[in-house]
Amino acid sequence: FAQKDVFQLKDIEKIAPKEKGITSMSVKEILQSLVDDGMVDTDRIGTSNYFWAFPSKALHARKRKLEDLESQFAESSQKKEALQKSIEKSKTGREDTAERTALMKELAALRQKKEQLKAEIDKYRECDPDVIEEMRQTNKVAKEAANRWTDNIFSVKSWAKRKFGFEESRIDKGFGIPEDLDYID
C-alpha cells in the first residue's frame with residue numbers, strides 16, 4: 001500500500017526483510033497467503049509473476065462488505081417486523097376466556113382418553129388378524145431361508161465327500177453339524 005507499485009517476487013523478497021522485518025525464508029509463504037485471502041493481486045505476464053495491492057481496492061472491498069452487511073441487517077429487520085406482526089395476529093382470538101379454558105380442558109381430556117384407548121388397543125394387538133397374518137408371512141420367509149441354508153449345507157457336504165473323500169460323520173464332526181439336521185416341514 002505504501003509504495004503503490006507493482007512488484008516481482010524477487011523484489012518483495014529483498015524489500016520485506018529490510019522494511020517490515022519479515023524473514024526472507026517466509027516471504028513467499030506470507031505472500032501466497034495474502035493472495036489466497038484476496039488482499040494482494042497477482043498476475044502472470046510472460047514468464048514473470050507480478051504482485052500488487054492498492055489502497056483503493058481495499059477501500060472498495062470494505063465498502064462492498066459494509067453495504068452487504070447493511071442490506072442483510074435491513075432484511076433481518078423486515079423479517080423481525082413481519083414475525084412480530086404475525087405473532088400479534090396469531091394472538092388475536094386466543095385471549096384467555098372462560099370458553100377457551102373450557103375447550104382447552106376438554107381437548108386435554110380427549111387427548112388423555114385417546115392415549116388410554118391406544119394403550120388398550122396395543123394390549124390386544126397379538127389378537128389382531130393383520131398382525132397374525134404378518135407373523136405367518138415372517139415365519140414362512142424364515143422357514144424358506146432355513147431350508148435354503150440346509151440345502152446349502154448338504155451341497156457343501158456332498159462336494160467335500162467327492163473332492164476329499166471324507167466320511168459324512170467326519171465332516172459333521174469337523175464343522176459342528178448336528179446329526180439330525182434336516183429340512184423344516
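This is a predicted model, so every value here is computed, not measured.
- Atom CD of E134 has 12 or fewer heavy atoms from other residues, nucleotides or ligands within 6.0 Å.
- For the atom pair D172 CG and E168 CD, the distance stands at 5.5 Å (nearest 0.5 Å).
- Contact detail for I184 and N147: the closest heavy-atom pair is N-OD1, 2.7 Å.
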(message) Does E88 form a side-chain hydrogen bond (donor to acceptor under 3.5 Å, both in side chains) with Q84? I'd like the steps, not just the answer.
(response) CA-CA 6 Å; E88 292 300 320; Q84 290 291 347; over 6 Å; no

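- Linking Ile, Leu, Val, Met, Phe, Trp and Tyr residues whenever their side-chain heavy atoms come within less than 4.5 Å places I153 and F164 in a single cluster.
- L181 and V156 fall into different hydrophobic clusters, where Ile, Leu, Val, Met, Phe, Trp and Tyr residues are linked whenever their side-chain heavy atoms come under 4.5 Å apart, directly or through other members.
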(request) Run the numbers on R111 and E115 for side chain to side chain contact (heavy atoms under 4.5 Å, CB included), then give the verdict. (result) CA-CA 6 Å; R111 283 185 179 160; E115 291 300 318; 5.8 Å; no

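- For the pair D182 and T150, the minimum side-chain heavy-atom distance is 4.5 Å or more.
- Between W159 and F154, the ring center distance fails the sub-6.0 Å criterion.
- Atom NZ of residue K63 and atom CG of residue L66 lie 10.0 Å apart, to the nearest 0.5 angstrom.
- Within the 4.5 Å cutoff, the side chain of Y183 has heavy atoms near those of the D151 side chain.
- By the rule that hydrophobic residues join a cluster once side-chain heavy atoms approach within less than 4.5 Å of another member, I121 and M135 end up as members of separate clusters.
- Between the NZ atom in K157 and the CZ atom in F175 there is a gap of 11.0 Å [rounded to 0.5 Å].
- Atoms OG and CD, on S76 and E81 in that order, are 11.5 Å from each other to the nearest 0.5 Å.
- In summary, the side chains of E120 and Q116 do not present any donor paired with an acceptor at a separation below 3.5 Å, with no hydrogens or angles considered.
- In this view, E167 satisfies the salt bridge (Lys or Arg N to Asp or Glu O under 4.0 Å) rule with no residue, not counting sequence neighbours.
- The main-chain N or O of E29 is never found under 3.5 Å from a side-chain atom of S33 such that the two would form a donor-acceptor pair.
- One finds the CG atom of L103 at 10.5 Å from the CG atom of L110 (value rounded to the nearest 0.5 Å).
- Of the inter-residue distances, the one linking E67 atom CD with R64 atom CZ reads 8.5 Å to the nearest 0.5 angstrom.
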